[in-house]
Protein chains: 2
Amino acid sequence: MENIREIFQVMTRHFGFLNKNCCTVGGHDISLIHSHILYEIDKQHNPSMQQIAATLGTDITTFSRQVQSLVKMNLVKKSPLPEDKRISVLSLTAEGKFIAAVIDEQMNTMLNEVFANMNEFERETVVRSIKLLNASMAKTSYCCTTPMR
Amino acid sequence: MENIREIFQVMTRHFGFLNKNCCTVGGHDISLIHSHILYEIDKQHNPSMQQIAATLGTDITTFSRQVQSLVKMNLVKKSPLPEDKRISVLSLTAEGKFIAAVIDEQMNTMLNEVFANMNEFERETVVRSIKLLNASMAKTSYCCTTPMR
DNA sequence: GAATAATACTTGCAAAATGCAAATAATAAA
DNA sequence: TTTATTATTTGCATTTTGCAAGTATTATTC
């Protein structure tokens with residue numbers, strides 16, 4: 001059997017580079033981590049600090065500071081949840097939404113570039129495969145989810 | 001069209017967690033970065049510092065120090081190339097090889113676990129797709145390779 | 001219903017990782 | 001031989017990290 005780890009390693013590295021090429025948007029210099037935080041806040045519905053930190057697998061104390069800097073940059077808003085004031089609900093500011101949208105566009109442009117090297121059939125196969133893979137990894141909980149702390 | 005970035009983001013994150021679950025081997029606590037360095041030294045044939053640093057997209061000064069710590073742990077050996085003594089050729093020590101092998105086994109075990117959720121046909125499709133993807137990303141040089149410094 | 005525990009998040013601090021600029025050492029070019 | 005170029009290392013200042021301990025709020029217990 002061929003070396004499965006090898007092809008995954010290569011893929012992850014490529015995709016990591018793609019991610020790194022991100023993200024200077026309108027004066028703001030957005031780090032990779034910050035772009036991921038913006039992405040997840042945008043995606044999840046009124047998430048708490050813990051939710052996003054867990055999704056990204058970031059230590060909560062580190063995450064707290066990362067969010068603080070995003071708040072300072074006026075990209076993220078933190079509002080206490082009325083029914084439980086311990087919890088901070090995260091949301092994007094107008095500027096945060098704009099930045100997230102620009103980054104999303106840039107990423108999709110790069111991905112389209114990648115897919116341009118394939119024909120329609122290949123493209124569909126690849127997309128289906130990755131979905132399959134994601135589903136499998138989600139099932140294999142002990143290996144591919146947030147490590148406990 | 002569906003959101004391509006989304007499925008890639010999810011996949012990368014899952015695989016990142018899988019990687020993170022690595023690597024305490026025989027007393028040594030191997031960080032993710034260190035495990036990647038071991039992997040690449042093992043894979044490439046008598047690589048120089050620059051080669052590995054470029055492969056991993058790590059700044060050469062940072063990489064120099066990472067290698068220093070691996071040398072101190074007695075996992076990596078650095079030998080000047082006879083015909084050009086500026087160049088340090090990297091190799092794994094016996095212990096380094098052992099550790100790399102153990103990590104490789106752990107990773108493959110986890111990947112097999114993931115693939116266990118699929119039937120033979122799906123498995124083959126996924127592997128083929130990732131290879132296709134890797135080839136495409138290698139072609140799309142401006143997006144998915146080492147950023148210049 | 002006051003005392004205790006648990007939860008969500010923040011801060012202190014010390015260690016580690018980062019990367020630019022400059023240094024060193026070796027080879028190549030002029 | 002002098003001057004560039006290349007490969008790697010070190011100085012240093014900044015940033016990132018995560019544990020331990022702290023604050024604030026809610027839940028539980030007696």
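Every chain is numbered from 1, with letters handed out A, B, ... down the list of sequences.
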Novice: Whole-Å distance between C:dA8 C1' and A:Asn46 CG?
Specialist: 17 Å

Novice: Between A:Gln66 and A:Glu83, which is nearer to the 5' end of DNA chain D once each is assigned its nearest nucleotide?
Specialist: A:Gln66

Novice: Whole-Å distance between D:dT8 P and B:Ile87 CD1?
Specialist: 6 Å

Novice: Want to settle it: does B:Gln51 or A:Pro82 sit nearer the 5' end of DNA chain D, counting the closest nucleotide to each?
Specialist: B:Gln51

Novice: With sequence neighbours excluded, tell me which residues meet side-chain hydrogen bond (donor to acceptor under 3.5 Å, both in side chains) with B:His34.
Specialist: B:Ser69

Novice: Test of understanding: with side chain to side chain contact (heavy atoms under 4.5 Å, CB included), list the residues that count as partners of A:Glu120, not counting sequence neighbours.
Specialist: A:Arg123, A:Glu124

Novice: Using atom NE2 of A:His36 as one end and atom P of D:dT16 as the other, report the distance to the nearest whole Å.
Specialist: 16 Å

Novice: Who are the side-chain hydrogen bond (donor to acceptor under 3.5 Å, both in side chains) partners of B:Lys43, not counting sequence neighbours?
Specialist: A:Glu6

Novice: For B:Gln66, what residues pass the side-chain hydrogen bond (donor to acceptor under 3.5 Å, both in side chains) criterion, not counting sequence neighbours?
Specialist: none

Novice: Taking only N/O atoms, report every protein-nucleotides 2-7 of chain C pair under 3.5 Å with atom names and distance.
Specialist:
from  : atom 1 : to      : atom 2 : distance (Å)
C:dT7 : O2     : A:Arg86 : NH1    : 3.1

Novice: Tell me, please, which residues at least two apart from A:Glu40 pass side-chain hydrogen bond (donor to acceptor under 3.5 Å, both in side chains).
Specialist: A:Gln44, B:Arg13

Novice: Do any side-chain atoms of residues 93-102 of chain A form donor-acceptor pairs under 3.5 angstrom with protein atoms, and if so which ones, sequence neighbours left out?
Specialist:
from    : atom 1 : to      : atom 2 : distance (Å)
A:Thr93 : OG1    : A:Asn74 : O      : 2.7
A:Thr93 : OG1    : A:Leu75 : O      : 3.3
A:Thr93 : OG1    : A:Glu95 : N      : 3.4
A:Thr93 : OG1    : A:Gly96 : N      : 2.9
A:Glu95 : OE2    : A:His28 : NE2    : 2.8

Novice: Could you list the residues that satisfy ring-ring contact (aromatic ring centres under 6.0 Å, His included) with B:Phe8, not counting sequence neighbours?
Specialist: A:Phe15

Novice: I'd like a list of close polar pairs between nucleotides 10-15 of chain C and the protein, N/O only, cut-off under 3.5 Å.
Specialist:
from   : atom 1 : to      : atom 2 : distance (Å)
C:dT10 : OP1    : A:Lys78 : NZ     : 2.4
C:dT10 : OP2    : A:Ser64 : OG     : 2.6
C:dT10 : O5'    : A:Ser64 : OG     : 3.4
C:dT11 : OP2    : A:Gln68 : NE2    : 3.2
C:dG12 : O6     : A:Arg65 : NH2    : 2.9

Novice: Rounded to whole Å, please give me the gap between CG in B:Leu32 and P in C:dA16.
Specialist: 18 Å

Novice: Is it the case that atom NZ in B:Lys78 sees more than 12 heavy atoms from other parts of the structure closer than 6.0 Å?
Specialist: yes

Novice: Given C:dC20, C:dA26, C:dT18, which nucleotide is nearest the side-chain atoms of B:Asp59?
Specialist: C:dC20

Novice: Whole angstrom is fine here: how far is it from CD1 in A:Ile33 over to C1' in D:dT15?
Specialist: 10 Å

Novice: To the nearest 0.5 Å, what is the distance between OG1 on B:Thr12 and CE on A:Met11?
Specialist: 7.0 Å

